[in-house]
Amino acid sequence: MLKVSLIVAGGGSGQRFRKALKARGGRMAAPTKIFAELAGKPVLIRSLDAMRKVSEIGEIVLAVPKDQIRISRMLLKKHGHGGVKIVAGGKTRALSVLQALKRTAGSARSVLVHDGARPLIDPEAVRKLIRGAQGADGAILASPLTGTVKKIRPGSMEIEKTVDRRFLFSAETPQLANRSFLLRAYKTVADAELATDESSLLEAAGGRVKVVTHEGWNPKITDYKDLELAEAYWTRGQGAETRTGFGRDIHRLSEGRRLILGGTVIAHDKGCLGHSDGDALLHAVTDALLGAAGMGDIGEWYSDKDPKFKNADSSKLLLGIVKQAALRGWRPVHADTVIHLEKPKLSPFKAAIRAKIAGLLGLPVEAVSVKAKTMEGLGPVGEGLAVSCDALVTLQRI
Ligand code: MG
């Protein structure tokens, strides 16, 4: 059987979405909604991951605005979609799809067109669509309308009539089209560049297009609310795996060293001895992260024999491990820490330490906790000879 070509419409410039994301403290500088993260992976990648499971699809062509080609290529490669072709889109969605359509293999009888911003598409529904299109010029996934629909008189807010919803469906993507029929429709249909979906082009060109009822939830992520709903749905359905790791570190205190805890300089007459900057708190956090990800311990990654790490900034060491954990499919979701130190009082520094750790782990401050305790004069910490830190870090599967 001939393979189907898939076109993914990557959307426009997404300025409004970017603004909303920033206002809500979104943690990635997403150029558009398709690059915003849905449970730790860009929306576009989630869409492609789903489509990858449809064996009938032989090739994928993605259309994105020209200035997003580079970031798209980088992300696709990073997430194992290096084989996807990327083309520069046009001024409208229809023109973007046309650019991609021209790049699809001439041997493909059918093309599927999918919105990159529909990440919850069920591969089984796509197969059903491909089967359902047989004998027609195209087919679309669509859901029956469930609300009561009113038609108003143009120019007023007065109801003209209640529409019989039994014959109404809300169009989704993917949409399937006979490749040569769609190419022809672009040439013959007036204002083809303004079409908001492929089916309308086929219809206008006299094609027979079938509706395949979609039972699942396949929202188009258009604003921040959609993203939050989709994330709640995704994590509920997947039951994202979490793991927690523990880390502990102790450093001697000595005169003539700066006291750095949680990447924050603490005013004190003594500081931590150590090969690196001696930040016992970040070392405990790093070890907890390594523990949760099953990646060994800090000494295996950053040897205290290696001159490269002499006086090293422990923030950078932790960032390196966050990155390595991400490559293995884990991201931090929570950290809890305790600092045991007799002197000085840490209360003036706790907020800064918390913010610093949150920044390093890519978390909102609410997801990080920093507690400080003395040892009531007991033991080496109580005698002011050392600082000891404990940390728990929880990771979630990306
Ligand atoms: Mg240490």
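One finds the CD atom of E376 at 7.5 Å from the CD atom of E342 (value rounded to the nearest 0.5 Å). Atom CG of L346 is separated from atom CD1 of I266 by 5.5 Å, given to the nearest 0.5 angstrom. Separating the CG atom in L261 from the CG atom in L281 is a distance of 6.0 Å, to the nearest 0.5 Å. We find the CG-CZ distance between L289 and F246 to be 14.5 Å, quoted to the nearest 0.5 Å. Rounded to the nearest 0.5 angstrom, C389 SG and H340 NE2 are separated by 7.5 Å. With rounding to the nearest 0.5 Å, the separation of CZ in R397 from NZ in K41 is 10.5 Å.
Pairs passing the ring-ring contact (aromatic ring centres under 6.0 Å, His included) check and including a residue from residues 251-295, sequence neighbours excluded, read H251-H283. Among pairs with a residue in residues 294-308, none fulfils side chain to side chain donor-acceptor pair (under 3.5 Å), at least two apart in sequence or across chains.
R258 has no carboxylate O lying under 4.0 Å from a charged side-chain N of D277, or vice versa, which leaves the two without a salt bridge. Looking at E124 and R127, a side-chain N of the basic residue comes within less than 4.0 Å of a carboxylate O on the acidic one, giving a salt bridge. Salt-bridge formation is detected for the pair R93/E198: a Lys NZ or Arg NE/NH1/NH2 atom is positioned less than 4.0 Å from an Asp or Glu carboxylate oxygen. For E255 and K270, the salt-bridge test fails: no basic side-chain N is under 4.0 Å from an acidic carboxylate O. Looking at R208 and D137, no side-chain N of the basic residue comes within less than 4.0 Å of a carboxylate O on the acidic one, giving no salt bridge. Using a 4.0 Å cut-off between a side-chain N of Lys or Arg and a carboxylate O of Asp or Glu, K3 and E56 do not qualify as a salt bridge. Ion pair R118/D115 flagged as a salt bridge, since at least one NZ, NE, NH1 or NH2 atom sits closer than 4.0 Å to an Asp/Glu carboxylate oxygen.
Side-chain heavy atoms closer than 4.5 Å link hydrophobic residues (I, L, V, M, F, W, Y) into clusters, and following such links, even through other members, never connects V285 to I260. One hydrophobic cluster holds both V212 and L6 under the rule that ILVMFWY side chains link at heavy-atom gaps under 4.5 Å. There is no path of hydrophobic side-chain contacts, each under 4.5 Å, that joins V61 to V84. The hydrophobic cluster containing V209 also contains L101, counting ILVMFWY residues as joined when their side-chain heavy atoms lie under 4.5 angstrom apart, directly or transitively. At a threshold of 4.5 Å between side-chain heavy atoms, the hydrophobic network of Ile, Leu, Val, Met, Phe, Trp and Tyr places I250 and L259 in two separate groups.
Contact check for I130 versus V54: side-chain heavy atoms found under the 4.5 Å cut-off. Residues T104 and E59 form a side-chain contact, since some pair of their non-hydrogen atoms from C-beta on lies under 4.5 Å apart. Under the 4.5 Å side-chain criterion, counting only non-hydrogen atoms from C-beta, L129 is in contact with L112. You'll find the side chain of L229 stays beyond 4.5 Å of the side chain of P219, heavy atoms only. Within the 4.5 Å cutoff, the side chain of L76 has heavy atoms near those of the I45 side chain. For the pair T213/L141, no side-chain contact is recorded, criterion being any heavy-atom separation below 4.5 Å from C-beta on. Using a 4.5 Å cut-off on side-chain heavy atoms (C-beta onward), E172 and I140 make no contact. At a threshold of 4.5 Å between non-hydrogen side-chain atoms, the residues K343 and L341 do not count as touching.
Remark: the backbone N or O of D223 is paired with a side-chain donor or acceptor of D226 at under 3.5 angstrom. Side chain of D390 to backbone of R248: no donor-acceptor contact under 3.5 angstrom is found. D49 places no side-chain N or O within 3.5 Å of a backbone atom of R52 that could act as its donor or acceptor partner. Remark: side-chain polar atoms of K210 are paired, donor with acceptor, to backbone N or O of Q134 under 3.5 angstrom. No donor-acceptor pair closer than 3.5 Å links the side chain of R46 to the backbone N or O of P42. In this structure, Q396 contributes its side chain and T242 its backbone to no donor-acceptor pair below 3.5 Å. Of the possible donor and acceptor atoms, none in the side chain of Y233 sits under 3.5 Å from a partner among the backbone N and O of W217. The backbone N or O of C272 lies less than 3.5 Å from a partner atom in the side chain of R257, making a donor-acceptor pair.
Closest approach of I60 and I57 over heavy atoms only: CG1-CG2, 4.0 Å. The shortest non-hydrogen separation linking V393 to A335 is CG2-CB, 4.1 Å. In terms of heavy atoms, L62 sits closest to S72 at CD2-CB, 4.2 Å. Looking at every heavy atom in both residues, G89 comes nearest to S96 through CA-OG, 3.4 Å. When every heavy atom of M51 is checked against every heavy atom of P174, the shortest pair comes out as CE-CG, 3.9 Å. Contact record, P344 with A267: CG-O, 3.7 Å, taken as the closest heavy-atom pair.
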Show me the donor-acceptor pairs, under 3.5 Å and distance only, between side chains in residues 189-197 and residues at least two apart or in other chains.
residue : atom : partner : partner atom : Å
D197    : OD1  : S200    : N            : 3.0
D197    : OD1  : S200    : OG           : 2.4
D197    : OD2  : Q175    : NE2          : 2.9

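Judged purely by distance below 3.5 Å, without hydrogens or angles, the side chains of R179 and S110 never pair a donor atom with an acceptor atom. In this model, a donor atom of one side chain and an acceptor atom of the other lie less than 3.5 Å apart for S180 and N178. Checked by atom type, the side-chain pair R103/Q99 shows no donor-acceptor distance below 3.5 Å.
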Start with the C-alpha distance between D336 and K371, add both sets of side-chain angles, then the distance that settles side-chain contact (heavy atoms from CB on, under 4.5 Å), and finish with yes or no. CA-CA 8 Å; D336 188 14; K371 304 187 288 298; 2.5 Å; yes
Between T394 and T244, is the side-chain hydrogen bond (donor to acceptor under 3.5 Å, both in side chains) condition met? List the steps. CA-CA 4 Å; T394 300; T244 298; 2.9 Å; yes
Test side-chain hydrogen bond (donor to acceptor under 3.5 Å, both in side chains) applied to H214 and S143, step by step: CA-CA 5 Å; H214 192 196; S143 326; 5.2 Å; no
Walk me through it: do D313 and L317 pass the test side-chain contact (heavy atoms from CB on, under 4.5 Å)? CA-CA 7 Å; D313 176 353; L317 306 185; over 6 Å; no
Candidate pair I398 and W330, rule side-chain contact (heavy atoms from CB on, under 4.5 Å), full reasoning: CA-CA 5 Å; I398 295 171; W330 294 103; 5.8 Å; no
With side-chain hydrogen bond (donor to acceptor under 3.5 Å, both in side chains) as the test, would you mind laying out the steps for K356 and T264 before giving the verdict? CA-CA 8 Å; K356 176 76 183 181; T264 307; over 6 Å; no
Show, in sequence, the C-alpha distance, side-chain angles and deciding distance for L38 and L120, and conclude whether the side-chain contact (heavy atoms from CB on, under 4.5 Å) test is met. CA-CA 10 Å; L38 170 66; L120 299 185; 4.3 Å; yes
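Taking a 6.0 Å sphere around CZ of R166, one finds it holds 12 or fewer heavy atoms contributed by other residues, nucleotides or ligands.
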